[in-house]
Structure formats: structure tokens, C-alpha cells
Amino acid sequence: MKVGILTGGGDCPGLNAVIRAVVRKGCFHYEDEFVGFLEGWRGLLEDKSMPLDLSSVGGILPRGGTILRTSRTNPAKKADGLERCIATLKRHKIEALIAIGGDDTLSVAQQLHEKGVSVVGVPKTIDNDLAGTDFTFGFDTAVNIATEAIDRVHTTAEAHNRVMVVEVMGRDAGWIAMYSGIAGGADVILIPEIPFDVDKVAETIRLRHARGRYFSIVVVAEGAKFSTDVDPKHGAPIVVDMGKDEFGHARLGGIAAILAREIERRTNFETRTVVLGHVQRGGSPSAFDRMLATRYGLGAIDMVHRNEFGCMAALRGNKIVSVPLADAIAKNRTVDQETIDVASGILDKLTTDKMVVGK
Ligand code: F6P
């Protein structure tokens with residue numbers, strides 16, 4: 001079979017591991033032939049591709065980024081965009097396409113599927129916010145990087161009697177903040193899902209210091225909604241500028257600086273910020289992500305040969321299963337109550353009652 005592969009959206013550790021697994025199983029077990037489309041959907045729009053064979057996937061397992069490169073191109077936003085993608089697939093005689101991406105990339109995959117293209121999706125994002133699967137690959141690596149950073153920030157915060165505010169990625173979901181905050185022993189964790197009151201954040205830190213601790217660690221998700229209003233529900237995410245990408249997403253960032261200023265004003269404790277940014281997305285995938293990405297790749301090529309099109313390889317429990325793409329893109333998967341309960345159990349009651357889990 002002739003199979004096309006592309007990687008779309010923000011890059012993510014483990015993309016190369018998926019590509020490698022698809023190509024190796026396809027070549028070893030199905031005698032498939034592969035074409036890699038470059039830079040996400042742009043590769044299909046502009047007919048940019050490279051042949052993919054066993055030698056091109058040699059040595060890529062531990063490499064971050066993607067050998068196919070990526071972009072946030074949305075063909076549905078271009079004149080005849082989807083038709084141009086279909087024409088490219090026909091020109092290359094592609095019989096099935098594997099799209100590796102998050103909700104944006106997979107929403108285009110679904111639209112192409114509705115137009116008759118044989119597509120299989122693979123769930124990728126450090127944000128872990130795709131529905132239909134328990135975990136996306138890349139998330140574990142991002143959490144490990146953030147946790148290590150929080151550990152490092154701890155020692156310098158302690159040495160200087162400071163409050164440190166660590167801003168992590170995750171867009172509209174607080175998964176990275178929750179997992180790295182819990183694993184890194186943060187004192188306050190702020191996520192987009194739960195409105196918070198900055199006065200309560202300051203009060204929590206003041207009380208902690210009054211109890212004899214001289215430093216505090218705050219982990220804040222980039223999408224957490226900031227408000228100085230009496231009602232924290234009126235908060236809004238902090239954006240870098242007013243621009244939006246082709247999928248309508250604003251660039252988030254900057255909440256750590258605002259929060260640090262407000263905490264310092266209210267407590268008089270010296271406060272510093274760390275914005276982890278793209279460090280969370282770069283470099284080698286964790287062993288867990290290499291394994292998960294490999295399993296997703298194998299699952300995707302098997303789905304192609306079982307004609308399970310319009311579906312995505314997903315992790316449920318510890319099994320790789322196939323779920324409809326439509327279900328995966330229907331909504332964002334935000335932080336669940338079980339994870340919130342873990343944070344509540346471990347954090348100061350004041351914090352959890354009134355901010356992190358309080359409504
Ligand atoms: O979706 C992954 C992600 O890293 C988000 O956490 C973040 O908001 C966004 O991408 C950043 O996008 P870009 O790399 O385009 O600035």
C-alpha cells in the first residue's frame with residue numbers, strides 16, 4: 001500500500017518515534033511504501049514531500065522535533081485548500097494518510113475524511129488535552145522537564161527566601177501545571193479550569209511563611225485566567241498579542257510576571273518568575289513517550305490495514321484502541337476531578353478550598 005504521513009501543529013517529543021514505528025512496521029510486515037509530506041498540511045497544499053524508507057527513519061527514535069517538520073497551516077482557511085490537498089494525494093497515488101497531530105491537525109483530517117480521504121490520526125500534544133485518549137505522547141516529557149525545573153527553582157527560592165512563580169504551557173488545559181506542580185511539590189497550582197483569587201494566593205503564601213517556611217513555589221498554567229475583580233470568574237487569560245493563528249488560537253503567555261508583581265505587592269516577599277516556554281517541547285522524548293509513540297505508530301499502521309479510516313489510535317487503560325476522529329476533536333479534555341483531588345489532598349486547605357479546587 002502507498003501511505004502518506006504528516007506531522008502538524010506544535011512539535012512534540014516523540015513525533016519521530018511515531019514516524020519510525022509506522023515505517024518499520026509498514027515495511028517489515030505489510031510491504032508498504034511511504035511518502036512524508038513536509039511541514040504539516042502545507043506539504044499537501046504546496047506538494048512538498050520526501051520519500052520515507054527504513055534508512056530515512058534510522059537513528060531518529062531519540063530525536064526531538066520531527067524529520068517532516070511542521071506548521072500550523074490550516075487548508076480549510078485557504079481557497080480550495082482541502083481540494084488541493086486531495087489533488088496532491090491523488091498525484092502521489094496515496095491510498096491512506098496518517099496525520100499525527102493535536103485537535104487542529106486532526107480536525108482537518110476529519111474534514112478530509114468526510115470528503116472521502118482514507119485518514120488515520122495519531123494523538124500528539126504536550127498539552128494532553130485531546131479527548132478520546134487517556135494520554136497524548138509528548139506530555140510525559142514536558143512534565144519531566146517542568147518537574148526538573150521546579151526542583152531546581154526550589155533550591156534557589158529556599159536560599160533567597162523568595163517566592164518563585166513558574167509558568168508552564170498547556171493552552172486551555174492545566175495538565176502540565178497539575179502534574180509538574182504535584183510532582184515538583186509546588187505550594188500553589190493555578191490552572192485554566194478553576195478561577196482563582198489573587199488575594200487568596202497571597203494569603204496562602206503569607207500564612208505558609210508565618211508558619212516558618214521562608215519560600216514558596218507557585219506553578220501557573222499559561223492559560224490560567226487572571227482577575228483582580230472581586231469575582232475571580234471574571235478573569236481572562238493573558239495573551240502575548242492580539243494576533244491569532246490559522247486555527248483561531250491566541251498566543252498565551254505573561255501570567256507569571258503579572259502574578260509575581262501582584263504577590264509581591266500584597267506580601268512584600270521578594271518574587272521571581274521562570275517561564276519555561278518551548279524548553280518543554282524541545283529535545284529527546286522520555287522513555288515513556290518513546291514507548292507510547294511507538295505503540296501509537298504501530299496501532300496507526302495496523303488501523304490502515306484494517307480499513308479503520310476516520311479514526312484515531314488512542315490509549316485506553318493500557319490498550320491501544322481505535323476511536324472516531326469526530327469524538328477526539330469534539331471537545332478539549334480538561335483536568336479531571338481525580339487529578340484535582342490529588343492536588344487538594346496535598347496542598348494547603350486554604351489553597352484548595354478557595355483557589356485550586358474552589359469554584
Ligand atoms: O499546543 C502546544 C503548545 O506548546 C501550547 O502549550 C502553547 O500554548 C502553544 O503550543 C505555543 O505555540 P507556538 O509554538 O506556536 O508558539
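We're numbering straight along the sequence, starting at 1. Indexing begins at 1, ligand by ligand and atom by atom, following the structure's order.
- Hydrophobic cluster membership of Ile329, counting Ile, Leu, Val, Met, Phe, Trp and Tyr whose side-chain heavy atoms lie under 4.5 Å apart directly or via other members: Leu106, Leu130, Met312, Val321, Val323, Leu325.
- Judged as a side chain to side chain donor-acceptor pair (under 3.5 Å), the pairs with a partner in residues 91-101 (not counting sequence neighbours) are, in order, Asp47-Arg91, Asp47-His92.
- Here Glu246 does not pair with Arg72 in a salt bridge; the nearest charged N to carboxylate O distance is not below 4.0 Å.
- Remark: the Asn144 side chain and the Glu148 side chain contain no N/O donor-acceptor pair separated by less than 3.5 Å.
- For the side-chain hydrogen bond (donor to acceptor under 3.5 Å, both in side chains) test, no residue two or more places apart in sequence or in another chain qualifies with Arg206.
- Within 4.0 Å of ligand 1, counting heavy atoms only, the contacting residues are Arg72, Ile126, Asp127, Met169, Gly170, Arg171, Glu222, His278, Arg281.
- With a 6.0 Å cutoff to the six-membered ring centre and a 45° limit on the axis angle, Arg208 counts as a cation-pi contact of Phe215.
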